[in-house]
Amino acid sequence: MPSSRADSIIADLTESQREAVTYGDGPLLVVAGAGSGKTRVITRRIAWLLEHGTPADGVVAVTFTNKAADEMRRRVEALVGTAVYVTTFHSFCSRLLRREISRIGRDQGFTIYDRSDSLRVLRRIIKQRDLDPATFAPRDIMEFISLRKDRVIGPAKAREDAYGIEDQTKADVYAAYEQVLAESNALDFDDLLLKTLDVFNRAPEVLQYYQDKYLQVLVDEYQDTNLPQHLIARALQGRHRNITAVGDPDQMIYTWRGARLENLMEFEEDFPGAHVVTLERNYRSTANILRASSTCIRNNVFRRPKDLWTEREDGAQITVAQFRDSYAEGRWVADKVSDLLGEGVSPNEIALFYRTKFQSVPFEDAFATLALPHQVVDNVGFFDRRGVKDLRAYLQLMVNPRDNEACLRVINTPARGIGAKTVERLMASAGERGSLLTAVRRAEQVEGLSNRAKSAVARFWALYEDLNAIQASGVADLIGKLVDRTGYLERQPAEERADAEEVVGQFIGYARQYDERTPEGGLMSFLEQAALVSDVDGWNAQAGAVPFMTLHSAKGLEFDAVFVVGCEDDVLPHRRALEDHVHDSEQSALEEERRLFYVGMTRARHQLFLTHSDRRIVRGRDEPGMPSRFLYELPEEGVVRVLGPRSKPGAGSASGFRQEMAHVLKTKRSGLQVLDGDGTRLAPGVRVSHPQWGEGEIIESTPLGTRHSVRVSFHDHGTMTLLLAAEDIDRQE
DNA sequence: TAAACCGTTGTTTTT
DNA sequence: CAACGGTTTA
């Protein structure tokens, strides 16, 4: 019964896109090259299914990030006016486990441990067992465990498979780690997937319920799914066998996290009778960009050959530019972006990608200097900051009193006289079964505690009860009251106070957004969301700012103009990546790095810039760098190579650099004093004083995230552009 | 107990 | 150059 709306869903699709969208029952694999309309196919297919009788709540679509899920939900809703369940594997599992985890003898109030929580647990176990920290570094053991969890190998099997005493010991630590997490009623990221599989295995009726519920299962980015995710997808498609997997082998970039290309390459064996549709026409990029990226990726040997084609024009040439150092690189990129903005390109349509996060710094400085709007996409970094982690731990402990990790974190934060020895005795008293918090409650009976310690612990217990009694109108309100009652800010050391205030303020702001979006949400789901955020989730695509992000975060996005910076050997490809033993050979590790480069290039619609420097600062050291070997793999045609200025900064500004030299100050202790008004306002006309440059007047002030880019005309030293954060300004008394 | 000090160590990517 | 761990000191 194709309605006219159903017709319009496929009206503007090509033959092969239409084939994928309208395919009937049974497993379907869509191998979709970069820019071939993958997202379009998946959203249209959902719309098509809904128009052809599938009820809205019979669909589950899985994407890679929450951001992508929101976007897809929005698009489907725009097409057919119905909301469907679009989620990530981890959110899906977490939500499922909140309902079903009792089936495997666990409690639904579980805490989700992130990597740093897991590392703390491991550190404790390692110390407890007196293991040599050189052979048994927490990171190494974490890797050992995670590698096994990605392959659905439990501690017992790990122990069996262990070859040599070292792996045996690691397997023992793995077993202990599992026990500690169970005692704390905590799950790590991998557990979310594994426990879901456990539930499916141990309670077939639960699996059957979900199989009956989800008549259509769609999974995006299938090339980056790991074994547990593959098994979950396969379990869900159960009897109806309606699964749609979409992916591109050339964009597999998560081997180190357990991604298995086999999930995609052997799809037809895992899902017998599967239909395969291949999309090879690229609609996104100019012919130059497509040619360059295809030429490069063709160097991968472990690859099923695929030839993307386009009917587009050659377009602008790709620029490969070389610089003296990363600061020159930053200035040039900022200058180019400034030109693009001048030509009317929206800042939302320009992006900057790098291999590693720390590479953002010189670019942030350069952009700030020219007052160019930009946003460093690093959500996870925010949730990892100390203040946020502390407050989250308090909240977590309220939801899950057994969470020993959270308890350990907050019991003496801020300092309240409960030292390491006291904590140790409490832990000993809690023993195998009871939680640390139980020991806190019964501090009176704990042996070996001084009266002073006992009363300090009793005060902490009173505080905990007090926190639990808080009546709050929402999560933001709750956090606010929590900060008050714990004295979190007041007891912060003076120099960290401003920093902590800012972090707390931002966290409350985040919670307020949550309260507004999900008024019925509740604390547990807030914490869950906070635990499962990804970097790109925090990026506002409409913010009018150029996003800076890692190549990994860039997957699935597209922009008019793209800058891939730091294209140097040891960075891209990354040295550590080539040493990684997750890969079975250095060759395959190199190929993954090449795919990463490929992902970056293929994000660009019209303009692509690839930059590299001869020197860069690594760990405070100035180190030489060679052009990335990938740059030599680009074709001659459609690529122009330019050399940045060789001269020292400031000494002549040959090729279009801004004449006015700007000084970017370190964010701390700039020593700038505001002489007018309340001493904090950074508006034009306000007089300021600087220890080095004397007095001046603000000409222009542009907010840049948490900072301000401020142009100041100094009476004796001309115009400077300063990058200022609130704590940089010495308030006048 | 906690603050202050000092030396070592490490940095890839992230749900 | 940070961040963290371990030590010493008040």
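Sequence lines set the chain letters: A, B, ... in the order given, protein chains first and strands last, and positions in each chain run from 1. The structure presented is a predicted model; accordingly, all values stated were derived computationally and were not measured.
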For A:N185, is there any backbone N or O sitting under 3.5 Å from a side-chain donor or acceptor partner on A:R106? no
Note: for A:A420 and A:K357 on DNA chain B, the residue whose nearest nucleotide lies more 5' is A:A420
Using purine N1 to pyrimidine N3 plus N6-O4 or O6-N4 for Watson-Crick, or N1-O2 and O6-N3 for G-U wobble, both under 3.5 Å, which nucleotide pairs with B:dT12? none
Among B:dT14, C:dG5, B:dT12, which nucleotide has an atom closest to any side-chain atom of A:R123? C:dG5
Can you tell me if the side-chain N/O atoms of A:T422 get under 4.0 Å from OP1 or OP2 in B:dT1? yes
Under a 4.0 Å threshold between the charged nitrogen and the carboxylate oxygen, would A:K555 count as salt-bridged to A:D224? yes
Is the ring centre of A:W256 under 5.5 Å from the base ring centre of B:dT13, and are the two planes under 30° apart, so that they stack? yes
Would A:Y113 and A:Y177 satisfy ring pair (Phe, Tyr, Trp, His ring centres under 6.0 Å), going step by step from the backbone distance to the final call? CA-CA 12 Å; A:Y113 279 3; A:Y177 169 84; 8.3 Å; no
Side chain of A:A577 only, heavy atoms from C-beta on: which candidate in B:dT13, B:dT12, B:dT15 is closest? B:dT12
Any idea which of B:dT15, B:dA2, B:dT14 is nearest the A:Y254 side chain? B:dT14
For C:dG6, take OP1 and OP2 only and decide whether either is under 4.0 Å from a side-chain N or O of A:K127. yes
Minimum heavy-atom distance A:S94-A:L532, with the two atoms named: CB-CD1, 4.2 Å
Is there a donor N/O on one and an acceptor N/O on the other, under 3.5 Å, for the side chain of A:H90 and the base of B:dT15? yes
